[in-house]
Amino acid sequence: MTRVVILGAGTAGTTLAHLLVKRPELDGASVTVVDRSDRHDYQPGYLFVPFGMVPAGRVSKDRRAFLPKGIDYVRGEVTAIDRTARQVRLASGRTLDFDQLVITTGTLPRPDVVPGMADGALWRRTVFDFYTLDGATALRPALAAMTSGRLVVHITEMPIKCPVAPIEFALLAQDYLRKRGRHPHVDVIFVTPLDGAFTRPVASQRLGKLLAERGIELVTDFQLESIDNEHAELVSYDGRRVPFDLAVTIPPNRGADYLLESGLADELGFVKVDKHTLQSTEDPDIWAAGDATNVPTSKAGSVAHFMMDALVPNLVAHLAGEPLPERFDGHANCFIESGRGEALLLDFNYDVEPLPGMFPIYHVPALRLLGASTLNHLAKMAFEAVYWNLLIRGRPLPFAAHMSMEGKRVPEGVRLPAAYTK
Ligand SMILES: Cc1cc2nc3c(=O)[nH]c(=O)nc-3n(C[C@H](O)[C@H](O)[C@H](O)COP(=O)(O)OP(=O)(O)OC[C@H]3O[C@@H](n4cnc5c(N)ncnc54)[C@H](O)[C@@H]3O)c2cc1C
């Protein structure tokens with residue numbers, strides 16, 4: 001009997017479990033899913049908690065209700081992978097044997113690795129994160145109490161999951177303050193290690209313009225060295241200082257600790273995989289998906305979902321001794337809440353940066369790309385129900401896993417690979 005073990009039952013692990021139990025080729029195989037917690041969080045909901053737009057209680061659910069029948073669910077902390085013995089070790093001492101292993105333990109915010117962040121006197125007093133439910137919940141009263149001063153929204157380093165979420169936070173915060181008449185007294189400052197608002201040129205230029213229109217100051221190329229708790233300042237390696245009254249920071253995001261010692265991951269703990277097949281570059285019986293991989297696209301729930309169209313057939317083919325049939329193209333799409341009841345949409349892949357135009361649903365140009373619209377905002381809010389009911393249950397969504405050029409407009413000066421210009 002083939003034993004498939006999935007490490008992590010978040011977005012990628014849960015979706016994968018549903019898809020594997022539906023595959024007739026795996027009849028008779030055992031599928032075991034391990035997670036250290038019984039709670040499954042809808043992480044995009046964290047963004048809305050500090051603004052009171054979504055109650056914290058709605059974000060987190062019992063994950064057992066979302067796992068398919070026919071799998072074994074094991075609650076436990078993974079502490080090691082023994083590749084020689086083909087075993088996974090748990091903190092409890094229990095071991096799990098595997099023939100095929102899929103790593104979907106995601107990425108974790110690590111405020112403990114920055115001097116003066118988690119260990120500083122200001123942590124969760126005037127320095128907050130919103131990449132955890134605890135952090136987002138603690139931030140709500142601090143934001144509500146802010147009537148004047150400097151609100152600094154900050155990214156420590158890349159990569160982070162959902163790289164647009166900090167921009168969304170800055171835009172929503174500005175709108176939150178505007179609605180309460182506090183915006184003349186609170187400066188919102190966006191501080192990033194990047195050379196612009198976002199990683200890719202067209203989106204970076206458009207998002208930079210949007211921040212400027214909303215009066216949000218952009219501080220670029222800021223590589224955080226530490227947080228000076230005495231003076232309430234972010235300090236960069238080149239000696240620049242950014243003072244704050246309230247700092248909302250995105251700590252470094254890292255892979256799970258056990259991966260660092262596994263020989264399977266890079267120095268940040270992200271599993272080294274072939275970016276198209278999602279097979280480990282170190283071991284053909286090991287795979288990874290979602291935020292846990294080192295692939296050069298956004299770490300996002302949409303990406304975890306799109307990866308499945310390559311991962312599942314490839315794993316099944318590998319078990320049958322056949323060539324791997326599918327290639328993941330790096331497809332990501334991300335809504336960006338821009339406040340005022342609107343949102344933007346980005347759609348891109350490894351080869352094509354986010355472009356303007358319209359995103360089609362069933363070939364109907366439905367959602368505006370790289371431009372704000374009410375419909376995008378409604379779609380983002382509706383995504384919560386899509387997530388719980390369709391996405392993580394491995395049910396089809398109304399758009400393809402591979403990125404399509406349908407509806408996209410290529411601005412002058414943007415060069416695309418030949419495959420996308422036909
Ligand atoms: C604020 C915020 C906003 C976001 N907004 C969006 C958005 O709008 N759109 C979008 O597409 N994506 C968004 N994302 C990103 C999205 O939530 C993640 O990319 C997605 O959840 C990744 O899925 P995953 O399965 O790889 O990781 P996760 O869903 O994080 O799952 C990893 C699982 O592994 C478990 N685990 C970790 N380590 C261990 C261990 N050692 N032992 C056992 N279990 C372990 C964890 O408990 C967890 O259940 C957002 C994220 C945040 C934080």
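One-based numbering, in listed order, for ligands and for the atoms of each.
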- [ ] Kindly assign one of parallel, tilted or perpendicular to the pair His276 and Tyr350, based on the angle between their ring planes and the thresholds 30° and 60°.
- [x] perpendicular

Open item on the list: Check whether Ser302 reaches the backbone of Ala332 with its side chain - one donor and one acceptor, N or O, closer than 3.5 Å.
Closed with: no

Task: Phe130: numbered ligand 1 atoms lying under 4.0 Å from its heavy atoms - done: 1 (C)

Open item on the list: salt bridge (Lys or Arg N to Asp or Glu O under 4.0 Å), that's the test. Do Glu384 and Arg58 meet it? Break it down for me.
Closed with: CA-CA 10 Å; Glu384 184 179 343; Arg58 203 170 84 195; 2.8 Å; yes

Open item on the list: Please list the nearest protein heavy atom to atom 31 (O) of ligand 1 with its residue and the distance rounded to 0.1 Å.
Closed with: Gly10 CA, 3.3 Å

Task: Distance filter under 4.0 Å to Gly290 heavy atoms, resulting ligand 1 atoms - done: 26 (O)

TODO: Answer yes or no for Arg64 and Phe66: cation-pi contact, defined as NZ/CZ to six-membered ring centre under 6.0 Å and angle to ring axis within 45°.
DONE: no

TODO: Quick one: look up the protein heavy atom nearest atom 19 (O) of ligand 1 and list residue, atom name and how far away it is.
DONE: Asp291 OD1, 2.9 Å

TODO: Return yes when Arg63 approaches ligand 1 closer than 4.0 angstrom through a heavy atom, no otherwise.
DONE: yes

Task: Per atom 17 (O) of ligand 1, closest listed option by heavy atom (Lys380, Gln43, Lys299, Arg36) - done: Gln43

- [ ] Quick one: look up the protein heavy atom nearest atom 48 (C) of ligand 1 and list residue, atom name and how far away it is.
- [x] Asp35 OD2, 3.4 Å

Open item on the list: Contact between ligand 1 and Gly76 is defined here as a heavy atom of the residue under 4.0 Å from a ligand atom; is it met?
Closed with: yes

TODO: Answer with yes or no whether Tyr131 contacts ligand 1, where contact means a heavy atom under 4.0 Å from a ligand atom.
DONE: yes

Open item on the list: Considering non-hydrogen atoms of the protein only, which is the closest contact for atom 37 (C) of ligand 1, and what is the distance?
Closed with: Thr105 O, 3.3 Å

TODO: For atom 7 (C) of ligand 1, grab the closest protein heavy atom and report residue, atom and distance to one decimal in Å.
DONE: Pro44 CG, 3.7 Å

Open item on the list: If the cut-off is 4.0 Å to any non-hydrogen atom of Gly106, which atoms of ligand 1 fall inside it?
Closed with: 26 (O), 27 (O), 32 (C)

Task: Residues, nucleotides or ligands: over 12 heavy atoms within 6.0 Å of Arg327 CZ - done: no

Open item on the list: Tell me whether the rings of Phe169 and Phe51 are parallel (<30°), tilted (30 to 60°) or perpendicular (>60°).
Closed with: tilted

TODO: Quickly, which of Asp41, Asp134, Thr137, Asp129 forms a side-chain hydrogen bond (donor to acceptor under 3.5 Å, both in side chains) with Tyr46? Name it, please.
DONE: Asp41

Task: Residue and atom name of the nearest protein heavy atom (relative to atom 50 (C) of ligand 1), distance in Å to one decimal - done: Cys162 CB, 3.4 Å

Open item on the list: As a test of understanding, state which of Asp99, Asp285, Asp97 forms a salt bridge (Lys or Arg N to Asp or Glu O under 4.0 Å) with Arg86.
Closed with: Asp285

- [ ] Mark up the atoms of ligand 1 that fall under 4.0 Å of a heavy atom belonging to Thr104, in ascending order.
- [x] 32 (C), 33 (C), 34 (O)

- [ ] Among all protein heavy atoms, pick the one closest to atom 20 (C) of ligand 1 and tell me residue, atom and distance.
- [x] Thr11 OG1, 3.4 Å

- [ ] Using distance alone, determine whether Gly301 and ligand 1 share an N or O pair under 3.5 Å.
- [x] yes

TODO: Let me know which of Thr32, Leu67, Leu96 forms a side-chain contact (heavy atoms from CB on, under 4.5 Å) with Asp72.
DONE: Thr32

- [ ] Could you tell me the residue and atom name of the protein heavy atom closest to atom 42 (N) of ligand 1, and the distance to it rounded to 0.1 Å?
- [x] Val78 N, 2.9 Å

Open item on the list: Given the ring of Phe348, does Lys408 sit roughly above its face, with NZ or CZ under 6.0 Å from the centre of the six-membered ring and within 45° of the axis?
Closed with: no

TODO: Heavy-atom contacts with Tyr258 under 4.0 Å: which atoms of ligand 1 show up? List them by number with element.
DONE: 41 (N)

TODO: Describe, in one word, how the ring planes of Tyr387 and His40 are oriented to each other, choosing from parallel (under 30°), tilted (30 to 60°) and perpendicular (over 60°).
DONE: perpendicular

